[in-house]
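First comes the structure, then the notes that go with it.
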Amino acid sequence: MHPPAPAGQPAPVSVEFGRDGRDFEVDVEGRLIFNDGMMILSAARAGLGMAQLFEPIAREDVRAGRLVEVLGDYQPPFPGFYIYYPARKQLPTKLRVFVDFMREQM
């Protein structure tokens, strides 16, 4: 929990890291805070700061030399995504298709 930021100032954000089986958080401050991977990628491409992204999102930019991986040894393990939905025998078709798709991707 962070104390409220002064008026007009961005609040610090905790970034998760891990190394040698130990997880830890580092509070970072900045003018730009996003919760959308593509916006984060665009900001990193524009040189506006460092970005913590899922590898598939940044893969092509790293391969092309537009972005450089740093702190790769400090990325925490990612156990995967979890989907929670109501326990019903008859799920709506759209939800069933989505769940099946996500299972295939994992």
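Count residues from 1 along the sequence. Quick caveat, the model's predicted, so the values are computed rather than measured.
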Tightest non-hydrogen contact, residues S14 and D27, listed as OG-OD1, 2.8 Å

Is it the case that more than 12 heavy atoms not belonging to N35 sit under 6.0 Å from its CG atom? no

Would you say that more than 12 heavy atoms from the other residues, nucleotides or ligands in this model lie under 6.0 Å from the OH of Y74, or not? no

Listed by chain and number, what are the side chain to side chain contact (heavy atoms under 4.5 Å, CB included) partners of V99, not counting sequence neighbours? I83, Y85, L95, R96, R103

How long is the straight-line distance from CD1 of I40 back to CD1 of I33, given to the nearest 0.5 Å? 10.5 Å

Mark yes when over 12 heavy atoms from residues, nucleotides or ligands other than E16 sit less than 6.0 Å from its CD; otherwise mark no. no

Between CG on residue L71 and CZ on residue F17, distance to nearest 0.5 Å: 5.5 Å

To the nearest 0.5 Å, what is the distance between CZ (R63) and CG (L67)? 13.5 Å

Determine which pairs satisfy salt bridge (charged side-chain N to carboxylate O under 4.0 Å, His left out) with at least one residue from residues 39-49, sequence neighbours left out, and list them in order. R45-D61

Ignoring hydrogens and angles, state whether a donor on the side chain of Q52 or Q75 is under 3.5 Å from an acceptor on the partner side chain. yes

Hits for side chain to side chain contact (heavy atoms under 4.5 Å, CB included) against Y82, two or more places apart or cross-chain, chain-then-number order -> P79, Y84

Spell out, yes or no, whether V97 and L91 are grouped together once hydrophobic residues are joined by side-chain heavy atoms under 4.5 Å, including indirect joins. no

Would the distance check show the side chain of D36 and the main-chain N or O of M38 forming a donor-acceptor pair, the cut-off being under 3.5 Å? yes

In terms of hydrophobic clustering (I, L, V, M, F, W, Y; side-chain heavy atoms under 4.5 Å; direct or indirect links), are L53 and V68 co-clustered? no

Linked, directly or transitively: V26 and M50 (ILVMFWY side chains, under 4.5 Å): yes

